[in-house]
Amino acid sequence: MTDAAFLRCIQPDCAATYELSAEDPFCRSCGGLLDVAYDWNRLPVPGSMHYFATRWATRQEPLDHSGVWRFRELLPFAVTEELVTIGEGQTLLQSPDVRALGLPLEPGRLHLQYEGLNPSGSFKDNGMAAAFTMARKLGRQRVACASTGNTSASMALYAALTRIADDRPMQAVVFIGEGKIAFGKLAQALDHGARTVQIAGDFDACMRRVREASQRLGLYIMNSINPFRLEGQKTIMYRVLEGLGWDVPDWIVVPGGNLGNTSAFGKAFMELRELGLVERPPRLAVVNAVGANTFCELVDRRGLRWDGGAWNRAIVDACYTEGERRAGEKEIALPHGRTVASAIDITRPVNLPKALRSLEALDGVVCEVTDEEILEEKARIGRCGLGCEPASAASLAGLRQLLARGVIGREQRVVCILTGHALKDPDVTVGYHTGKRTTDEQSKPASRPAVLANGPVQVADDLESICRAIESLPWK
Ligand code: F0G
C-alpha cells in the first residue's frame, strides 16, 4: 500500500489492506469489516487539539465552517478540493440544568451534544459529508441506503446538492420497510428527489436487500457499513471535546442501533490516543431499547467481547437464530415495530465487531431502557428546550439508569448524544401527550400515566369559556 490513507480489515489477525477505492465494505480475505486507516507518519497532524480553534478565524470558508471538515487533518482520506459540505455539524454543546431534568448529577456535570441542528435534522449529515466525498471521488453516480428515516433524509439532501462530473445531481435510492419509516423523514427524501423502494420487511431486511441490490447494480451504499460514514461521525467527538475546552469527559452516552456511532466514537478516541492528542479516552455507554436489545443481550447476557479481535461468532449466530424464531412468533402481535424509538429498532447491527472493539477500547458498558423511560425522558428534554426524537432520548434514559445503578458517579462529567431532531416520530410524541400512548413493543398499554402529559384542552368556541379555560390551566 503506497497511499497514506487506505482500507484495512479490522480483524488484527488479518489486517489485509486495500485501496480506498475498493468496492466492497468487507474484507475479501476473511469477510471482516473494513476501517479507513492512515499512515499518520506521512500525514501532517497537529501537535494539539487547540490547533483546530484557529479555524474559527477563517470560518467564512465553507470547509472551515463545516463541523466535519474543520477537523480534516483527522480524517485525511481526500484532498481539500474533493471535500463535500453542505454546512453540517454546526452544533453547540448544551449544558442543561440537571435539577430540571431531575438527574442525581452534580450541577454542571451534564452536557448534551444536540445533533438535531444538522441540515437534515440528524447526526447522519456528519457521515454523509464524508461518504459523499468518497462517492464523488470515485465517480459514483447512484447512491443507496436502507433507512427508518434519518439516513434517507440525509442521503437525499446530499444527493440533491452533490454535483457529479457533468453537473447532474447524484441519484439516490432509499429502501424502506413497509410502515417502518417516519413520515416527516420520508417527506424530506421525497422532496429532495430520492426514489423510494418499499419492501415488505423491517430495517434489517432492507439492509440485507440494499447490500444485495448494490452489488448487482453498482449502487454506492450510504449506510454506516460504509467506512467513510464513520470517518465523518468521528467529528461528533471532536466537537464534544471542543465544547469542553478540549477536556475529555468521563462518559459518552449514546443510543445504539446499527452501532455506527458506537464504532466511530471508539475509533476517534483510539486514534486521538495514538496521535498523543488525548491522554485517556472517556468511557462509553451504549443504550439499546428493550424491544431491540441485541447488543445488550450479546454483551451483558451472553458475555460477547472483542477479545483482541477473537470475538466469538458462535455466540452471535446462536443469538440471531433464537431472535429469528422469537420474531416469527411475535410478528403478528407487533406489526409496528419493537420499540417507539424507530431509529434503533434494529436487531442485527451491521457494525457489531467494530462496536465490540470500541467497548474494549473505551471500557464501555451497555444497557437497555423501556419505551416508557424513553418517552418520559424525551418530554423532560423537551422542557429544557431541546427537541429530540425518541431514539435520542434513550441516551438520557440510559444515563438515569446507570446513575441509579452506581455505574456512573454523580460527580462525573457526562455527555449524552442527542442524535436527531424532534420532527422524527411526532406521532409518538403527540400520543404521549394526549394519552394515546403506545409503549414497549407498541401493543401494550402504558403502565403509568405520562408524567409530563401536555395534551390540548377542548373548549367551546366561546370567548368566556376560552378565557376561563386559560385561567384555570394547570402548569406542571
Ligand atoms: N439515533 C438516530 C436519530 C438515528 O437515526 C439512528 C439510526 C440511530 C440513533 C442509531 O445509530 O446506527 O449509529 O447506532 N438511524 C438509521 C436510519 C436506522 O435509517 O436513519 P447507530
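Nothing here was measured: the structure is a model prediction, and the numbers come from that model. When a ligand or atom number is given, it counts from 1 through the structure's own listing order. Side chains included, hydrogens not; waters and symmetry mates left out as well; all remaining heavy atoms used.
- Ranking the protein heavy atoms by distance from atom 9 (C) of ligand 1 puts Thr419 OG1, 3.7 Å first.
- With a heavy-atom cut-off of 4.0 Å, Ile344 touches ligand 1 through its side chain alone.
- Judged purely by distance below 3.5 Å, without hydrogens or angles, the side chains of Gln141 and Tyr220 never pair a donor atom with an acceptor atom.
- The residues Lys185 and Asp425 are annotated as not salt-bridged, no charged nitrogen and carboxylate oxygen being separated by less than 4.0 angstrom.
- By the 4.0 Å N-to-carboxylate-O rule, Asp204 lies close enough to Arg338 to be salt-bridged with it.
- The pair Arg136-Glu82 does not count as a salt bridge, with every side-chain nitrogen at least 4.0 angstrom from each carboxylate oxygen.
- Between Ser147 and ligand 1, at least one pair of N/O atoms sits closer than 3.5 Å.
- Ser66 meets the side-chain hydrogen bond (donor to acceptor under 3.5 Å, both in side chains) test with Glu88; sequence neighbours excluded.
- When side chains are defined from C-beta on, Thr347 does not count as touching Phe203, because their heavy atoms never get closer than 4.5 Å.
- Annotation: Ser122 places no N or O atom under 3.5 Å from an N or O atom of ligand 1; distance criterion only.
- Of the protein's non-hydrogen atoms, Thr151 N, 2.8 Å is the one closest to atom 20 (O) of ligand 1.
- If you number the atoms of ligand 1 from 1 as listed, the ones under 4.0 Å from a heavy atom of Ile346 come out as 18 (C).
- Nearest to atom 7 (C) of ligand 1 among the protein's heavy atoms is Lys124 NZ, 2.9 Å.
- Ligand 1 has a nitrogen or oxygen under 3.5 angstrom from a nitrogen or oxygen of Asn258.
- Of the heavy atoms in Leu259, only backbone atoms (N, CA, C, O) come closer than 4.0 Å to ligand 1.
- Using a cutoff of 4.0 Å between basic side-chain nitrogens and carboxylate oxygens, Lys267 and Glu274 are not scored as salt-bridged.
- In Lys185, neither the side chain nor the backbone holds a heavy atom less than 4.0 Å from any atom of ligand 1.
- By the 4.0 Å heavy-atom criterion, Gly256 is counted among the residues contacting ligand 1.
- Salt-bridge check for Arg357 with Glu360: failed, with every basic side-chain N at 4.0 Å or more from each acidic carboxylate O.
- Below 3.5 Å of separation, one finds an N or O of Asn261 facing an N or O of ligand 1.
- Using a 4.0 Å cut-off between a side-chain N of Lys or Arg and a carboxylate O of Asp or Glu, Glu373 and Lys378 do not qualify as a salt bridge.
- At a 4.0 Å cut-off, not a single heavy atom of Val286 sits close enough to ligand 1 to count as contact.
- Ionic pairing of Arg239 and Glu242 is not present here: no N-O contact between side-chain nitrogen and carboxylate oxygen is shorter than 4.0 angstrom.
- Nearest protein heavy-atom contact of atom 5 (O) of ligand 1 is Asn150 ND2, 2.7 Å.
- Heavy atoms of Asn351 found under 4.0 angstrom from ligand 1: none, in either backbone or side chain.
- Between Glu231 and Lys234 there is a salt bridge, with a side-chain nitrogen of the basic residue lying less than 4.0 Å from a carboxylate oxygen of the acidic one.
- Look at Thr262 and you'll find every heavy atom at least 4.0 Å from all atoms of ligand 1.
- Ring-plane geometry between Trp246 and Phe71 is classed as perpendicular, the angle between the planes exceeding 60 degrees on a 0 to 90 degree scale with a lower cut at 30.
- Ligand 1 places these atoms under 4.0 Å from at least one heavy atom of Gly260: 12 (O), 13 (O), 14 (O), 21 (P).
- Distance from atom 11 (O) of ligand 1 to its nearest protein heavy atom, with residue and atom name: Phe123 CZ, 3.8 Å.
- In this structure, of Ser224, Pro255, Ala343, Ser342, the residue bringing a heavy atom nearest to atom 6 (C) of ligand 1 is Ala343.
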